[in-house]
Amino acid sequence: MKSLDGKVKKEKENGFASPPHVKSEPEDDFYHSPRHEKSLKRERDDDNDSEFKPKKIKTENDKKAKKRKPEEVSKGHEQNAGLCFISSPICFGKRGAPEELGKLKWEEERYTDGSKWKFLEHKGPVFAPPYEPIPSNVKFFYDGKHMKLSPGAEEVATFFAKMLDHEYTTKDIFRKNFFKDWKKEMTAEERAKITDLKKCDFTEMSEYFKAQSEARKAMTKDEKLKIKAENERLLQEYGFCIMDNHRERIANFRIEPPGLFRGRGDHPKMGMLKRRIRPQDIIINCSKDSKHPEPPPGTKWKEVRHDNKVTWLVSWTENIQGSIKYIMLNPSSRIKGEKDWQKYETARRLKKCVDRIRTQYREDWKSKEMRIRQRAVALYFIDKLALRAGNEKEEGETADTVGCCSLRVEHIKLYPENEGLEYVVEFDFLGKDSIRYYNKVPVEKRVFKNLQLFMENKEPDDDLFDRLNTSVLNKHLQELMDGLTAKVFRTYNASITLQQQLKVLTSADENIPAKILSYNRANRAVAILCNHQRAPPKTFEKSMQNLQAKIDAKRDQLSDAKRELKSSKADAKVRRDEKSKKAVETKKKAVQRIEEQLMKLEVQATDREENKQIALGTSKLNYLDPRISVAWCKKWGIPVEKIYNKTQREKFAWAIDMADDDFEF
DNA sequence: CCTTAGACTTAGCAAATCACTT
DNA sequence: AAGTGATTTGCTAAGTCTAAGG
C-alpha cells in the first residue's frame, strides 16, 4: 500500500527525471545561503559542516559593517519578536541592556575548534521527590497474611502496585525481573519469607494510589493553582540556563524518578528496577567562570567538569543498560536550532547529488564484489523505502528489532510474481520501538536477483547483508558526499516528498480548512513513507461517532436555514420593503455560514479517519524542513499557527523568520 | 582494524492541560 | 461547575553516528 501509492508519486519528483533545482539564490558547493542571506549569510553561510568552516566567523567589525542593511529593515524582519534566535535577557528575567542582549542568536559567534559554548551556567537538576511511605493502614499481604515491609522493599513494591492494571505485570519476564530486583531491596528476613511473587497481594496499595489520584483530580481550584505556581517557580529557577549570553530553556531538568523499567516491545529487561539517582551519581558540566550549581545540603556531586566540547549540562549513568543520560537544552535553543538547520542543509546538499548517487548504486548492483552489491542494494532500500541504517545490537540486552543493515533473511520474502507485479519483495520486521514494518514492493530485476543471491544457503536468522554494516555503509556515503550518512536519506526523502505533495495537493481555489487538509495529507504521505505509526486512540470510534453526529446536526441546521431563506425570499417578493430585503440578506449569510461550518466538519472527519493509525508529529518535528511549511503558509496566506502550535513555532523560529514564500528545499 | 563509550536525534505513549459542552 | 474529548507537553526509551580505546 505504502509503496504503491506513496511511492509512485514520489519518484516523479524525486527520481532521475527531475532536474536539479536552480534557485534564485546563488549556490555554490559549500555554502548555502539561507534566506535573508544578506543579513545572515556572512556568519552562517557555513551552515553545513563545521569541519569546513572558516575560522570563527564574526568579528566586531564584520558585524557592524554588515549589520542590517536598510532594505532589510524595510522588510521589517528584525523587528519581529519571533525572529529566530532572539536572546532573552540574560539576567533571569531582569531587563538587561536590551540593545546588546536583543540580538539574534544567529549573529553570535560560531566556533571552529569544536567548542559548543564559552559560558555556561545553570542550577543543576531537580531530583525526584523522596519516597513517601504509605500509611500503615494500607497493607501488603503475603500468602494471605499481612506483612509490614521495610521502607526499601515497600518502595519497590509500590512501583509494582502502581502498574497492576497494566498488562505487562502479567508477563513472565517482567515478573521475573521485577522479583529478582525487588528481593535485592528486601531485608534478609523479608527475603527469606517472600519467595513467590504469586503469593504477593498488592491490591490495597494499588487501591490506595488510585484513590490518591482521584483525590488529586478532586482538589479545589485553589490547591491546584498553588501547585501550578510551585511548578512555575521550579521552572523559573531550574528550567533555564545561561549559555553564551542567552537565557535558554532546558529540555528536561528533572531527574528521572525511580521505577520499574518498561522497554518497548519484547524487552528482555522489562520489570527491572530503575534505581533512584542521587547527587553522587551526577556529573555537572558548566563553565569554570560560572556560578556552579550546589548539590543538596549534605551531598556531593560525582564530578563537576568544564567540557565545552559538549552541549549537556548534567549527566548520569542509568542502571538498566548502563548508558548515559543527559540534561540538555530545549529545541528552541540556539544550539539545537542551529544543528537542526544544519541537518536540513545537509539534506539539501544531498538533493543536488542524489541523481549521481542513484546512478552509482545501480551500477554497483552489477559489481563483482559481494560487499559492494550488498552495499548498493541496502542503499537502494534506504533511499527508496526510507529505512533506518540498522546498527547491530547486543543480543539479550534489547528487544529484537532491525533496520536496513541488520535485516535478516527471515525478514523478507521474494515473489518473482505477485498480484500481477514482477519481482516483489515483502518486508516484515520490527523496527525502532518494535513498530512493525510491513510492505510489499516491486523492485528492479537486478535487485531481486541480488537478493536471491544474498539469501542462498542461509538460515532464516542469518544476516541478509553479511558483508555490510552501518559503519561500512556510512564510510562509503561519506565519500560520496561530505556529511552524508544513512539517515540523511530519510530527511531528504521526507522533505522532498512534503514539498512535492504540497505542490500536487494544494489547489488555489480551496478555502483554508481544505488547504490545511491538503497539508495534512502531504504530511501523512511522509509519515507513511517513514512508517510513523501510532496505536489508534482508545476513544477513536466514539470520537468519530460524535463528529458524525455533529455533521448530521449541522446538515439539519442547514436545511432549516435554507427553508427559512426560501420563505423570507417569498416574503420579500410580496412585501417589497427594505426590512424584508434585509431579512433575506441575513438569511443568506446564515446559510453560507452554516455551509462553511459543515464543510469544515466534513473535512475534519476525513482528516481524522485518514489519520487513525498514523502519527504526523514525528515527521513534522524531525524530518520536514520547516521552511517548506512556512513557505507554503506564506504562499497561500495561511497563518503559520494553523500548522505549528506554540512549541513548534518556538522550535522552528529560525525557519519562520528565514523562509519566504519562494523557498525551495 | 574492531569494539565500546559517548553524545545527540528520533520515537510513541501517557499525563496534563485546554477548549468546549452541558 | 463539571464533564468530556482534543491537543499539548512531558517523559524517557531507542535509535544513529562519531570518537576513543585497545
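Quick caveat: nothing in here was measured; it's all calculated off a predicted structure. The figures here come from the full heavy-atom set of this structure, side chains too, leaving out hydrogens, waters and symmetry mates. A note on names: the letters A, B, ... follow the listed sequences, proteins ahead of strands, and every chain is numbered from 1.
For A:Lys228 and A:Gly322, each mapped to the nucleotide of DNA chain B holding its nearest heavy atom, the one lying further toward the 5' end belongs to A:Gly322. The residue among A:Arg388 and A:Lys274 whose nearest nucleotide of DNA chain C lies closer to the 5′ end is A:Lys274. Summary of the strand contacts: A:Lys646 and A:Val402 both lie near DNA chain C, and taking for each the nucleotide with the nearest heavy atom, the more 5' one is attributed to A:Lys646. Mapping A:Lys432 and A:Asn231 onto DNA chain B by nearest heavy atom places A:Lys432 at the nucleotide closer to the 5' end.
At whole-Å resolution of the value, CG in A:Asn622 and P in B:dT10 are 5 Å apart. Protein atom CG of A:Asp482 is 14 Å distant from nucleotide atom C1' of C:dT18, rounded to whole Å. If you take CG of A:Leu484 and C1' of C:dC17, they are 13 Å apart, rounded to a whole angstrom. Look at CG on A:Leu430: it is 16 Å from P on B:dA11, rounded to the nearest Å. Atom P of nucleotide B:dG12 and atom CD1 of A:Ile614 are separated by 12 Å, given to the nearest angstrom. Atom P of nucleotide C:dG10 and atom CD1 of A:Ile255 are separated by 17 Å, given to the nearest angstrom. Between the CG atom of A:Leu624 and the P atom of B:dA11 there is a distance of 11 Å, given to the nearest Å. Atoms CD (A:Glu394) and P (B:dT4) sit 7 Å apart, rounded to a whole Å.
Between A:Asn531 and A:Gln533, the side chains place a donor N or O and an acceptor N or O closer than 3.5 Å (distance only, hydrogens not considered). Inspection of the A:Glu392 and A:Ser406 side chains reveals no N or O donor paired with an N or O acceptor under 3.5 Å.
For A:Thr485 and C:dC17, the shortest distance from a side-chain N or O to OP1 or OP2 is below 4.0 Å. At C:dT16, none of the side-chain N or O atoms of A:Thr470 fall inside 4.0 Å of OP1 or OP2 (strictly under the cut-off). Side-chain nitrogen and oxygen atoms of A:Gln321 include none within less than 4.0 Å of the OP1 or OP2 phosphate oxygen of C:dA13. Within the 4.0 Å cut-off from OP1 or OP2 of B:dA11, at least one side-chain nitrogen or oxygen of A:Tyr623 is found. Side-chain N/O atoms of A:Lys343 include one lying less than 4.0 angstrom from OP1 or OP2 on B:dT10. Note on A:His532: a side-chain N or O is less than 4.0 Å away from OP1 or OP2 of B:dA11.
Note on A:Leu621: nothing from the nucleic acid sits closer than 4.0 angstrom, heavy atoms only. Among the heavy atoms of the strands, none lies under 4.0 Å from A:Ala399. Nucleic acid contact for A:Lys269: none, since no nucleic acid atom lies under 4.0 Å from a heavy atom of the residue. Residue A:Asn474 is classed as a sugar-phosphate contact, given heavy-atom separations below 4.0 Å to backbone atoms only. Nucleic acid contact for A:Arg264: base, since at least one base atom lies under 4.0 Å from a heavy atom of the residue. Backbone-only engagement by A:Arg490 is indicated by non-hydrogen atom pairs under 4.0 Å involving sugar-phosphate atoms exclusively. In this structure, A:Gly390 reaches the sugar-phosphate backbone alone: every heavy-atom distance under 4.0 Å involves primed, P, OP1 or OP2 atoms, never a base. Using a 4.0 Å heavy-atom distance criterion, A:Lys393 is classed as a sugar-phosphate-only contact. Backbone-only engagement by A:Thr401 is indicated by non-hydrogen atom pairs under 4.0 Å involving sugar-phosphate atoms exclusively. Heavy atoms of A:Lys487 sit under 4.0 angstrom from primed sugar atoms or phosphate atoms, though from no base atom. If you check every strand for non-hydrogen atoms under 4.0 Å, A:Gly431 touches sugar and phosphate atoms only. Contact annotation for A:Lys116: backbone-only contact, meaning every heavy-atom pair under 4.0 Å involves sugar-phosphate atoms and none involves a base. Within 4.0 Å of A:Thr311, counting heavy atoms only, lie sugar-phosphate atoms of the nucleic acid but no base atom. If you check every strand for non-hydrogen atoms under 4.0 Å, A:Glu318 touches nothing.
The nucleotide whose nearest atom lies closest to any side-chain atom of A:Asn645 is, among C:dG15, C:dT8, C:dC17, C:dT8. Here B:dC13 is the nucleotide among C:dT18, C:dT16, B:dC13 with the atom lying nearest to any side-chain atom of A:Arg534. Checking C:dT12, C:dT16, B:dA11 against every side-chain atom of A:Asn391, the shortest atom distance belongs to C:dT16. Which of B:dC8, B:dG12, C:dT12 sits closest to the side chain of A:Lys339 comes down to B:dC8. Side-chain atoms of A:Arg254 lie closest to C:dC11 of the nucleotides C:dC11, C:dA14, B:dA7.
In this structure, CZ on A:Phe489 lies 5.0 Å from CG on A:Leu350, to the nearest 0.5 angstrom.
The pair A:Arg408-A:Asp400 meets the salt-bridge criterion, with a side-chain N (NZ, NE, NH1 or NH2) lying under 4.0 Å from an Asp/Glu carboxylate O. The existence of a salt bridge linking A:Glu248 and A:Arg334 is excluded, since no basic side-chain nitrogen approaches an acidic carboxylate oxygen closer than 4.0 Å.
Looking at A:Lys325, its side chain has no donor and acceptor atom pair within 3.5 Å of the base of C:dT12.
In this structure, A:Lys162 forms a cation-pi arrangement with A:Phe209, its terminal cationic atom sitting closer than 6.0 Å to the ring centre and no more than 45° off the ring axis. Both cation-pi conditions hold for A:Arg247 and A:Phe240: the charged atom is under 6.0 angstrom from the six-membered ring centre and inside a 45 degree cone around its axis.
With A:Asp281 as reference, A:Arg275 is the one residue of A:Arg275, A:Arg276, A:Lys302 to meet the salt bridge (charged side-chain N to carboxylate O under 4.0 Å, His left out) rule.
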